[in-house]
Structures are given as C-alpha cells and as structure tokens.
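In what follows, a structure is listed as structure tokens, so that the remarks can point back to it.
Lettering follows sequence order; numbering is per chain, from 1. These figures come from a predicted structure and were not determined experimentally.
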Amino acid sequence: MLDARFVRENTEKVMKALEQRGYETGNIAEFLKIEDGRRSLLLEVEKYRQQRNELSERISKLKRECSDVTSETQEAKNVSESIKIREERLRELDEKTKTSLLNIPNIPHESVPVGKDETENVEIRRWGEPRKFDFEPMNHWDIGEILGIIDFERASKIAGARFVLMKGLGARLERALMNFMLNVNTSKGYQEVLPPIIVNRESMIGTGQLPKFASELFTIADPELYLIPTAEVPVTNIHRNEILKEEELPIYYTACTPCFRREAGSYGKDVRGLIRQHQFNKVELVKFAKPEDSFEELESLTRDAEDILQKLELPYRVVALCTGDLGFAAAKTYDIEVWLPGQQRYREISSCSNFTDFQARRANIRFKREGKKGTEFVHTLNGSGLAIGRTVVAILENYQQKDGSVVVPKALRKYMEVETIK
RNA sequence: GGAGAGGUGGCCGAGCUGGUCGAAGGCAGCCGCCUGCUAAGCGGUUGUGGGAGUAAAAUCUCACCCAGGGUUCGAAUCCCUGCCUCUCCGCCA
C-alpha cells in the first residue's frame, strides 16, 4: 500500500512510475477524487465533534450547579444527529479509499530496468557452465519414473492433477534439501522459524495477496482461513502491528514450509513434471530492514540464495525483472534461474524482492529510531532460498548419468547417506 | 465441545454506581537541582495515528483504554458481536 499523503503530494511522480509498470493510472485519479471528498468530510465531522464535546462539557458543568439543561441537551441532540449522518458517509469513504489504495501496486525503484514484459528483463550475471552431455539428457519426470522416486499417477488419484507423490530416495532427497538449505541459512544468521501454514485474512492483506489475488489462494470455508502460497506470508506477519526497536534491525528469518497455489490461468503450462504444482515445499528467506539499508540487503539476500546453488554446483543466472514484469508489491526483484538440461533453458528457482515499505504499511510494521520522536515503517524483503521441488528437478536433470542413475551433489551426501540415486 | 474469569499507556496497576480520564499511583526512561563517589532525595517531563497550519516549527483540533457495532447530550465505564488469554471438565495426536 502506498502512503495516501505521498500519492496526493506527488501525483505526477506516482503516475509516471506506475505507467512504467503498465498500470492503468486512471485508478490514481479516481483515488484522488475519493480521497479529497473524504478529507473535506472529515474536516466537517471534526468540527461537529468539537461542538458536541464543548456542549457536553457545558451540560456537565450546569448539571453540577443544578441548572436547567433542556435547551443545551436539545442542541446537543441535533449536533449529534448531524455527526451520525456524516460519520456514516465518512465510513463509506474510508472504506473506498482504503480499497482503492490496496489495489494500487508498489512504485518501482529507480534502478529497475524499464520494460513492458518478461522479454525485457535484464540478465545481471551467470554462474557455472551448463554441462555437456555425451547422450541425450532426459526430462526429470522420465528420470523420476525410471528410478521409481516420483509418482504422479498415484498422486492424482489421491488429490488430483498438479500433485506429486515422492517415494524412497526421492522423498529423502526432498528432506535432505530442506535440512541442507536451512542449515546453510541459519549459519549466516537467519533465525529458523516454523510458522503456521494456514493464516487469516489480515495476514493475507498484510503481504498483499488479498484483496487482489484471491483466485490464487486455496481457502478454508468455515473458519475463513487461507493456505499460504509462500512462507513470506506467515513470516512477514510475525511482526504485524508491532513497533520494533532500531537496534533490533535488521531481522533475518528462514523457514521451510509447504506452499499452496491454485495456479488458476496456467492451464497448459508446465503440465508435466514438478515445475508447477498445487503443493510444494520451499525454504524462504525474510528480512526486516531499515529503509536506508534495504537495497543493500536485497543484494546480500540474493547472494545468499545464489550460494545454495553454488554449493550444489548447479549453473544459474540472475535476472533483474523489468518494470512491466515486477510483482504487485515489489519495488525491485531479482529472479534466479537454474539451468535445466531437460528443457535446455534457465528456469526460475528463486525470486528475491525488496518490498520497501509497501507491505509494512499494510501490515503496520514500524520501528522507532533512538532519540527520535514518532515511528517509521520498516522495509520488508524476501526470497526463496530455494524452492525445493524445482531444486529436485535441477539435480535430477543436471546430475543424471547415461545409465539413468543420478549422482548426489557433494554437499548433499551427508544428508542423503548415498552417493547415487539408482 | 461444556462451565467460569479476564483483556487499560514501555511494564505493573487503579478506575468500571456514565461527565475536566489520554486516563490516579508505582516502576522504568529523559531533563534539571542537590549530595565531593554509588545510593537515596527534590522539581519537571515522557504514547500513537489523522486533519488543519507553517519554509520548517510553534499552535489548534479529532480519534485511540483488545477489535467492530449500539444506547446516551456525553462511555475506559452500560448493551450486543467477534478475537485473544487464563482456570476447570470432556475429547484427542
């Protein structure tokens, strides 16, 4: 959520920035209209309220002197009636401005490349050499089937399409990756947390999934709750409605959770394999930082995610998303894409973003500077470190052997307790 | 699931037979005084958000005693609803 006051006072700048995202700026104009109406009505209401307060005080005083108060009471009654009518309208306008504001995306950082869609994203760096095969590399789903470690058919019997049943060393690989990644992350100062994976509406609004992206979420009807699409949601909301101390910042968290996504509108995309599932595990990195540090923190967070791939010796590249491809809440995003021999291309395995104060304002996460009055919103960041399912894909495809077996990356052997999957 | 108790400022804790209550008192914090160290003591001060205002302040004003409604001229105080916490019983991994 943007600051209403900021939008009011910097309309030109805001519109220009959001145009680069391909955002319909008519919504801003509409917001301003509602906001203006709201403010003038607020002024009116406050004037009446002041009048009412003064009258009440007078009544109280007169009563103590045992004087007659019928005329004052009558007057106050009228004033109260005026307040009531306007308050009702004010409530409607409050609601409208809030909704309007909640549906406006974040402003891209000046360092974000301008572009209309993913074709204009900019590659920042590459690491590792894609391996040269002396045989035709297989897709991970073929490898998984041959090894008997991935079972899509039975998963669809149990749950439906886009679910998977991992078995034997496949299940163990998944577990090994979770442990490996969490250990690497905690060694760098991220505190491990194990949050709820079902959350309430306020949390979803806090990080920006609601109200705009309800169709992406799995919901629970009776108590109105939501399955998380990423650990970003519960972990960022750890500090919702809190005022942090300056010296507590920055705060680093890492969490491994299942993630649930409807993938509505992605019919026909990645229909085979592990790439796009309704349920998958992901290790997440979350940071709370001071505004002046947040873009530095984004760089180090991205490096931390990259480090996992380097330790697993998987080739990847880092891409800066352009303005047109940026997520709703993000001011800047780096995608990390891992090389997949089965597809002969790089595929997203991590997405690292700085949300600046956009989520913090929604979730009301503030901090207080030493010796300064008032509070400021913190900046929130997060990134995958990494998506487990896609890491499994990358390992199976990059480490496959001619005989159909898969060599276990060195860094994982102590977790897997075997050197090859066969 | 059944039966009770409760949610007040950074913390503890009054108020809850409605009216100078943004809220007593204590602790903690800050500023000053005093005491040749430390402690004690004395005086003052210390919340958040919005709006108006200003070059910026000053200043004015509204709201906030878990959240949302209601009653009333007026609510921390009365009435509903929700959320959370605690105790007892039942059930359960």
Side-chain angles (χ1 to χ4, degrees), chain A residues 1-10 31-102 194-206 210-211 220-226 234 237-249 357-378:
Chain A
M1 179 163 68
L2 300 178
D3 180 23
R5 194 182 207 135
F6 182 82
V7 176
R8 233 154 57 203
E9 290 167 3
N10 302 276
F31 161 76
L32 286 172
K33 219 175 90 195
I34 304 168
E35 166 70 359
D36 273 352
R38 185 190 70 86
R39 261 187 317 151
S40 65
L41 185 60
L42 179 64
L43 212 63
E44 210 176 311
V45 168
E46 287 192 350
K47 223 164 246 162
Y48 276 110
R49 286 211 271 236
Q50 185 178 359
Q51 209 176 325
R52 181 200 60 195
N53 290 347
E54 284 164 3
L55 272 169
S56 288
E57 210 171 301
R58 202 154 81 228
I59 291 170
S60 159
K61 212 171 279 172
L62 288 172
K63 264 195 162 170
R64 244 175 292 136
E65 294 163 3
C66 299
S67 309
D68 180 63
V69 293
T70 44
S71 74
E72 278 79 7
T73 307
Q74 189 51 48
E75 198 187 341
K77 214 172 211 164
N78 292 337
V79 173
S80 276
E81 196 49 46
S82 305
I83 293 174
K84 206 174 225 171
I85 295 163
R86 284 167 180 79
E87 271 182 343
E88 205 165 308
R89 243 181 35 230
L90 185 62
R91 220 175 298 154
E92 282 168 29
L93 284 177
D94 271 338
E95 200 59 43
K96 266 193 190 161
T97 43
K98 186 102 190 276
T99 320
S100 168
L101 213 48
L102 282 175
L194 190 64
I197 60 173
I198 298 174
V199 303
N200 57 29
R201 186 178 181 80
E202 289 69 40
S203 293
M204 283 297 183
I205 289 175
L210 288 177
I220 290 170
D222 191 350
E224 186 201 335
L225 294 168
Y226 301 83
N237 276 283
I238 287 174
H239 296 297
R240 176 152 50 87
N241 288 330
E242 288 185 14
I243 299 174
L244 303 165
K245 293 196 194 85
E246 183 178 12
E247 66 263 27
E248 289 180 87
L249 297 171
D357 59 2
F358 188 85
Q359 290 180 330
R361 187 171 292 107
R362 288 174 160 243
N364 192 28
I365 307 168
R366 295 171 291 168
F367 77 104
K368 194 172 170 58
R369 283 190 202 271
E370 201 72 48
K372 266 189 126 182
K373 60 177 186 305
T375 57
E376 288 175 57
F377 290 109
V378 301

Please report the distance separating the [atom1] of [N] from the corresponding atom of [M], rounded so that it comes out in whole Å.
N: B/C64; M: B/G9; atom1: C1'; answer: 11 Å
N: B/G4; M: B/G90; atom1: C1'; answer: 15 Å
N: B/U8; M: B/U71; atom1: P; answer: 27 Å
N: B/C65; M: B/G10; atom1: P; answer: 13 Å
N: B/G22; M: B/U35; atom1: C1'; answer: 37 Å
N: B/A52; M: B/A58; atom1: C1'; answer: 14 Å
N: B/A67; M: B/C92; atom1: C1'; answer: 32 Å
N: B/U85; M: B/G25; atom1: P; answer: 33 Å

Applying a 3.5 Å limit to both distances, which nucleotide forms a Watson-Crick or G-U wobble pair with [N]?
N: B/U59; result: B/A52
N: B/G43; result: B/C31
N: B/U38; result: none
N: B/C86; result: B/G4
N: B/U81; result: B/A67
N: B/C92; result: none
N: B/G19; result: B/C73
N: B/G25; result: B/C12

Distance, rounded to the nearest Å, where [X] contributes [atom1] and [N] contributes [atom2]:
X: A/Gln51; N: B/A63; atom1: CD; atom2: P; result: 13 Å
X: A/Asp36; N: B/G51; atom1: CG; atom2: P; result: 12 Å
X: A/Glu9; N: B/G51; atom1: CD; atom2: C1'; result: 12 Å
X: A/Leu41; N: B/G50; atom1: CG; atom2: C1'; result: 14 Å
X: A/Lys77; N: B/C73; atom1: NZ; atom2: C1'; result: 8 Å
X: A/Leu42; N: B/U61; atom1: CG; atom2: P; result: 16 Å
X: A/Leu90; N: B/G69; atom1: CG; atom2: P; result: 11 Å
X: A/Glu87; N: B/G68; atom1: CD; atom2: P; result: 13 Å

- Item | A/Arg49/A/Glu87 salt bridge by N-O under 4.0 Å criterion |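 A salt bridge links A/Glu87 with A/Arg49.
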
- Query: Which residues pass the ring pair (Phe, Tyr, Trp, His ring centres under 6.0 Å) test with A/Phe358, sequence neighbours left out?
  - Reply: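 Result, ring pair (Phe, Tyr, Trp, His ring centres under 6.0 Å) vs A/Phe358: A/Phe328.
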
Does OP1 or OP2 of [N] have a side-chain N or O of [X] closer than 4.0 Å?
X: A/Arg52; N: B/U72; answer: no
X: A/Ser80; N: B/U72; answer: no
X: A/Arg5; N: B/G51; answer: yes
X: A/Asn364; N: B/U48; answer: no

- For RNA chain B, whose closest nucleotide is more 5', that of A/Lys84 or that of A/Ile243?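 By nearest-heavy-atom nucleotide position, the 5'-most residue is A/Ile243.
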
- Mapping A/Arg8 and A/Lys47 onto RNA chain B by nearest heavy atom, which one lands closer to the 5' end?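 It is A/Arg8, whose closest nucleotide lies nearer the 5' terminus.
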
Once you apply a heavy-atom cut-off of 4.0 Å, does [X] come out as touching a base, just sugar-phosphate, or nothing?
X: A/Asn53; value: sugar-phosphate
X: A/Gln50; value: sugar-phosphate
X: A/Lys368; value: sugar-phosphate
X: A/Arg58; value: nothing
X: A/Arg38; value: nothing

- Yes or no on side-chain hydrogen bond (donor to acceptor under 3.5 Å, both in side chains) for A/Asn53 and A/Ser56, after CA distance, side-chain angles and deciding distance? CA-CA 5 Å; A/Asn53 290 347; A/Ser56 288; 5.6 Å; no

- Message: Measuring only between side-chain heavy atoms, which start at C-beta, is A/Tyr226 closer than 4.5 Å to A/Leu210?
- Response: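 Sidechains of A/Leu210 and A/Tyr226: in contact.
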
Are there more than 12 heavy atoms of other residues, nucleotides or ligands under 6.0 Å from atom [atom1] of [X]?
X: A/Lys368; atom1: NZ; value: yes
X: A/Glu88; atom1: CD; value: no
X: A/Leu62; atom1: CG; value: yes
X: A/Glu242; atom1: CD; value: yes

Proximal nucleotide (of [options]) relative to the [X] side chain:
X: A/Ala76; options: B/U48, B/C73, B/U61; result: B/C73
X: A/Arg49; options: B/C62, B/G69, B/U48; result: B/C62
X: A/Arg366; options: B/G19, B/A52, B/U48; result: B/U48

- Closest non-hydrogen atom pair, A/Arg38 against A/Leu90: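 Nearest heavy atoms, A/Arg38 then A/Leu90: O-CD1, 3.8 Å.
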
- Item | Contact summary for A/Lys96 and A/Ile34, nearest pair of heavy atoms |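 Heavy-atom minimum between the residues: CB-CG2, 3.9 Å.
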
- Could one point to a donor on the side chain of A/Glu46 or the base of B/G50 with an acceptor on the other under 3.5 Å away?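 Indeed, a donor on one side and an acceptor on the other fall under 3.5 Å apart.
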
- Can you sort out which residues in residues 59-71 of chain A have a heavy atom within less than 4.0 Å of RNA chain B? Ascending by number, please.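 RNA chain B contact set from residues 59-71 of chain A: A/Ile59, A/Ser60, A/Lys63.
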
- Item | Step-by-step side-chain contact (heavy atoms from CB on, under 4.5 Å) determination, A/Asp94 to A/Lys98 | CA-CA 6 Å; A/Asp94 271 338; A/Lys98 186 102 190 276; over 6 Å; no

